[in-house]
Each structure stands twice: as structure tokens, then as C-alpha cells.
Amino acid sequence: MPRFLAHGKKMDDQPPLTRIQARNRSAIMSGGLDAFSTAGFKGATLDQIADAAGLSKPNLLYYFPSKEAIYTALLEELLKTWLDPLVSLDPNGNPIEEILAYAHRKLAMSRDFPRESRLFANEILAGAPQIHNVLAGPLRTLVDEKAQVLRGWMDAGLIRRSDPHHLIFSIWALTQHYADFDVQVRAVLGDIDPFTGADSFVDHLYRTLLQPPDHDHL
């Protein structure tokens with residue numbers, strides 16, 4: 001899937017960065033991710049990002065002209081990462097296993113990329129000012145395409161019938177909860193790793209939900 005700018009346009013090819021430039025840009029992106037995922041766009045400052053990146057503010061501004069530019073770059077990279085698991089859902093695969101693999105990939109992303117998940121959640125809660133066109137454009141197109149795949153499997157009796165869009169939404173809601181509400185989850189579970197039992201629960205839940213009616217009495 002091509003990468004898109006916040007306004008839904010494809011990103012132009014950029015000249016390759018030198019090793020030092022790549023390292024500094026990566027440090028700025030990581031610092032920005034820390035700042036935006038904890039303080040939100042309005043609360044984060046360039047000084048905070050520069051400090052987290054280990055760079056001076058003028059040096060940071062050499063790579064990114066503004067806080068908005070860092071935020072937009074983070075969202076552009078995040079969107080591709082976030083959509084890849086859904087893109088990978090194979091219409092020719094085993095329906096239940098494909099959906100379960102998608103759910104497990106999304107859960108793994110909450111475990112491995114909690115800051116990115118919270119950044120995305122903060123953007124959505126703010127009304128998606130930077131990525132609304134992407135949500136209503138490329139994302140909607142992708143979800144519609146995969147919903148049609150799910151509907152085809154339902155029509156063929158391979159999975160239990162449900163609303164395919166809401167099935168996808170339910171996977172988003174369940175898996176991203178572990179990142180977006182990490183503090184609440186860990187407060188409830190105490191010393192237990194939230195992801196220890198999450199994979200098996202997600203597997204059991206969706207395998208049971210998706211099993212065609214003809215299998216209920218086997």
C-alpha cells in the first residue's frame with residue numbers, strides 16, 4: 001500500500017539521508033513520539049522534543065521546520081504501520097485463520113508500539129485534524145475492500161454472518177485497548193503481564209464468534 005500525506009496525496013520520493021542525518025531524524029521522531037503520545041499535540045513543545053532527541057532546538061529545526069511537521073511525519077509513518085496488518089488479510093487464505101492472524105497482529109502492535117497507538121488515539125480524539133482525509137479516503141477504501149472479502153466468506157458459509165465493518169471495528173477496539181488504556185489494565189492486573197493471557201483470549205473469542213453455525217453441533 002502506498003504511503004500517503006495527511007491530505008491523502010502520495011508522498012514524493014525523497015533523496016536518501018546520510019547516516020548522521022538518518023540517526024538524527026530517527027532521534028527526533030522518537031522524541032516527538034514520546035512527547036505527543038503523553039502530552040498530546042497541544043501540550044508537546046519543540047524544546048521537549050529536542051531534549052528527548054539529544055539535539056539543540058536549532059539542529060532539530062534543520063530537519064523539521066515546525067512541531068506540526070514532526071507530528072505529521074509521525075502520523076504518516078504510523079498510518080502505514082497501522083494498516084499493514086489489514087492489507088495482509090488474504091482473500092485466498094483460510095477465513096478464520098486469516099481473521100485470527102489479523103487480530104493477533106493488531107494485539108502484537110499494541111504490545112510493541114504502545115506510544116504509536118496512543119498517538120493515533122489522541123489524534124482521533126482531537127477530531128483527526130491531520131489525517132481526516134486519509135481516514136475518509138484510503139482507510140475507508142481499504143476497510144470497504146476487506147469488508148467485502150469478509151462478506152464473501154459469510155455468503156459462502158465459511159464464517160458466521162455478522163456486520164463485516166463492525167467485526168473489523170471490534171478487533172480494533174479490543175486489541176488497541178491494551179495500549180490506549182495501558183495504565184488502567186495494569187492497575188487492575190497488578191503484576192500480571194496483560195499480554196500473557198490476551199492472545200489466548202482473543203483467539204478463543206474470535207474463533208467462537210466466527211465458527212459457522214453448522215459447526216456448533218459437531
Side-chain angles (χ1 to χ4, degrees), residues 1-88 105-143 172 175-186:
M1 183 176 181
R3 295 181 65 190
F4 291 87
L5 295 171
H7 298 295
K9 298 178 181 179
K10 290 183 181 180
M11 295 179 66
D12 296 326
D13 291 335
Q14 298 294 327
L17 299 175
T18 67
R19 180 177 58 84
I20 294 176
Q21 287 175 329
R23 183 186 65 198
N24 287 345
R25 187 180 188 280
S26 178
I28 293 169
M29 294 284 276
S30 181
L33 186 56
D34 274 338
F36 293 130
S37 65
T38 55
F41 176 75
K42 291 184 178 180
T45 68
L46 280 175
D47 287 328
Q48 290 173 338
I49 298 171
D51 287 343
L55 299 170
S56 67
K57 187 173 177 180
N59 199 2
L60 179 151
L61 291 172
Y62 170 81
Y63 293 92
F64 294 94
S66 65
K67 181 175 75 169
E68 289 81 356
I70 301 171
Y71 185 70
T72 300
L74 282 167
L75 287 173
E76 287 167 0
E77 292 197 359
L78 171 60
L79 279 170
K80 182 180 184 301
T81 302
W82 229 236
L83 296 180
D84 275 348
L86 187 56
V87 172
S88 299
R105 285 194 292 267
K106 290 291 291 178
L107 187 61
M109 290 180 68
S110 283
R111 180 192 64 222
D112 299 335
F113 304 106
R115 296 180 302 167
E116 289 84 347
S117 183
R118 288 191 288 273
L119 174 71
F120 186 78
N122 285 338
E123 169 70 8
I124 298 300
L125 288 172
Q130 298 296 323
I131 61 170
H132 183 270
N133 288 342
V134 175
L135 300 181
L139 176 60
R140 180 175 180 176
T141 298
L142 175 63
V143 172
W172 293 352
T175 57
Q176 289 171 215
H177 176 87
Y178 288 93
D180 300 342
F181 288 82
D182 175 76
V183 173
Q184 174 179 275
V185 170
R186 292 183 185 277

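Quick caveat: nothing in here was measured; it's all calculated off a predicted structure.
- Between the side chain of S30 and the backbone N or O of S26, no donor-acceptor pair lies under 3.5 Å.
- The shortest side-chain heavy-atom distance between I70 and L60 falls under the 4.5 Å cut-off.
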Starting from the C-alpha separation in whole Å, work towards a yes-or-no answer on side chain to side chain contact (heavy atoms under 4.5 Å, CB included) for K67 and F41.
CA-CA 8 Å; K67 181 175 75 169; F41 176 75; 3.7 Å; yes

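- Minimum interatomic distance between S110 and T175 (heavy atoms only, all atoms of both residues): OG-O, 2.7 Å.
- Looking at every heavy atom in both residues, I20 comes nearest to Y63 through O-OH, 4.2 Å.
- Side chain of T38 to main chain of A35: a donor-acceptor pair is present (N/O by atom type, distance under 3.5 Å, no hydrogens or angles).
- Between the side chain of Q184 and the main chain of F181, no donor-acceptor pair closer than 3.5 Å is present.
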Apply the test salt bridge (charged side-chain N to carboxylate O under 4.0 Å, His left out) to residues K42 and E123: give CA-CA distance (whole Å), side-chain angles for both, the deciding distance (0.1 Å), then the verdict.
CA-CA 11 Å; K42 291 184 178 180; E123 169 70 8; over 6 Å; no

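- Atoms CG and CD, on L78 and E116 in that order, are 6.5 Å from each other to the nearest 0.5 Å.
- A heavy-atom distance below 4.5 Å is not found between the side chains of F64 and I49.
- In this structure, the side chains of L79 and F120 come closer than 4.5 Å at one or more pairs of heavy atoms.
- Atoms CD1 and CZ, from I28 and R23 in turn, are 11.5 Å apart once rounded to the nearest 0.5 Å.
- Using a distance-only test at 3.5 Å, with no hydrogens or angles considered, a donor-acceptor pair links the side chain of R118 to the main chain of A179.
- Across every non-hydrogen atom of Q21 and Y62, the tightest pair is NE2-OH, 3.7 Å.
- D34 and R115 make their closest contact through OD1-NH1, 2.7 Å (heavy atoms, listed as atom of the first residue, atom of the second, distance).
- In this structure a side-chain-to-backbone donor-acceptor pair under 3.5 Å is present from T81 to E77.
- Residues L135 and R140 are not in side-chain contact: their nearest non-hydrogen atoms beyond the backbone lie 4.5 Å or more apart.
- D180 is listed as a side-chain neighbour of S117, based on a closest heavy-atom distance under 4.5 Å.
- With H177 as reference, V185 is the one residue of D182, V185, L107 to meet the side chain to side chain contact (heavy atoms under 4.5 Å, CB included) rule.
- The two residues Q48 and G43 come nearest to each other via the heavy atoms OE1-O, 3.7 Å.
- In plain terms, the two heavy atoms of P65 and L61 that are nearest each other are O-CD2, 3.7 Å.
- Note that the CZ atom of F36 and the CG atom of N122 stand 11.0 Å from one another [nearest 0.5 Å].
- Under the 3.5 Å distance criterion, the side-chain polar atoms of K106 are left unmatched by any main-chain donor or acceptor of L86.
- To the nearest 0.5 Å, the span separating OH on Y71 from CG on L75 amounts to 5.0 Å.
- Side-chain N or O atoms of K57 include none that pairs as donor or acceptor with a backbone N or O of A50 at under 3.5 Å.
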